[in-house]
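Written below as structure tokens is the structure these notes are about.
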Amino acid sequence: MKPQNGITVTFRPGDRRAVVKQGTSLLEAARKAGVVLPTRCGGKSACLMCKVTVGADYAGAVRPPEEAERRKLGSLLEQGIRLGCQTAVWDDLSVTVPEDPLKAAVRRRLEAARRGEMDELW
Ligand code: FES
């Protein structure tokens with residue numbers, strides 16, 4: 001049964017939420033939730049920067065991938081990776097936004113510094 005008052009999309013980490021109309025893309029929902037999904041192609045499935053993970057529990061809450069997305073993502077689809085710009089929502093769901101690579105590198109170095117392992121990383 002579809003929600004009467006819109007679809008609630010929760011972005012993790014951070015549990016930021018947006019209520020959107022059925023058929024809205026995850027990229028649009030992210031913007032509404034204040035979550036930044038990087039994009040260079042403006043949502044034309046060319047840059048692959050808007051990847052998010054839709055867990056298996058929510059696979060039925062989004063539109064299945066079309067041919068262009070299948071070609072772009074290949075086996076990543078099996079891991080639940082989707083293009084935010086091409087994935088329309090049908091029902092309430094949670095998606096995981098990958099950590100920014102630069103932030104991830106900084107976080108790993110800070111964690112290593114706390115453990116006293118800086119020589120291995122620099
Ligand atoms: S925004 Fe470029 S592939 Fe989705």
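The first residue in the sequence is number 1, and the count goes up from there. Please read these numbers as outputs of a predicted model, since none were measured by experiment. In each ligand, atom 1 is the first atom listed, and ligand 1 is the first ligand listed.
- Taking the charged nitrogens against the carboxylate oxygens, Arg107 and Glu111 do have a contact shorter than 4.0 Å, which makes a salt bridge.
- A distance of 4.5 Å separates CE of Met49 from CZ of Arg40, quoted to the nearest 0.5 Å.
- Linking ILVMFWY side-chain heavy atoms closer than 4.5 Å, directly or via other members, places Val35 and Ile81 in two distinct hydrophobic clusters.
- Close approach of ligand 1 to Gly43 (heavy-atom distance below 4.0 Å) involves ligand atoms 1 (S).
- Proximity to Ala46 (heavy-atom distance under 4.0 Å) selects the following atoms of ligand 1: 3 (S).
- Among Val62, Leu37, Leu83, the single residue meeting the side chain to side chain contact (heavy atoms under 4.5 Å, CB included) criterion with Val52 is Leu37.
- Val95 and Leu73 are members of different hydrophobic clusters when ILVMFWY side chains are connected at heavy-atom separations under 4.5 Å.
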Point to revise | Residues Glu28, Ser25; criterion side-chain hydrogen bond (donor to acceptor under 3.5 Å, both in side chains); working and verdict | key: CA-CA 5 Å; Glu28 294 171 74; Ser25 74; 3.1 Å; yes
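- Counting heavy atoms closer than 4.0 Å to ligand 1, residue Leu48 contributes backbone atoms (N, CA, C, O) but none from C-beta onward.
- Within the coordination shell of atom 4 (Fe) of ligand 1, defined by N, O or S atoms under 2.8 Å, Cys50 is present.
- Atoms of ligand 1 lying under 4.0 Å from any heavy atom of Ser45, numbered from 1 in the order shown and given with element: 3 (S).
- Listed by number with element, the atoms of ligand 1 under 4.0 angstrom from any heavy atom of Cys85 are 1 (S), 3 (S), 4 (Fe).
- By the 4.0 Å heavy-atom criterion, Gly84 is excluded from the residues contacting ligand 1.
- Between the Thr87 side chain and the Gly84 main chain, no donor and acceptor come within less than 3.5 Å of each other.
- Nearest to atom 1 (S) of ligand 1 among the protein's heavy atoms is Thr39 OG1, 3.0 Å.
- Distances from atom 4 (Fe) of ligand 1 show that Cys41 has no N/O/S atom below 2.8 Å.
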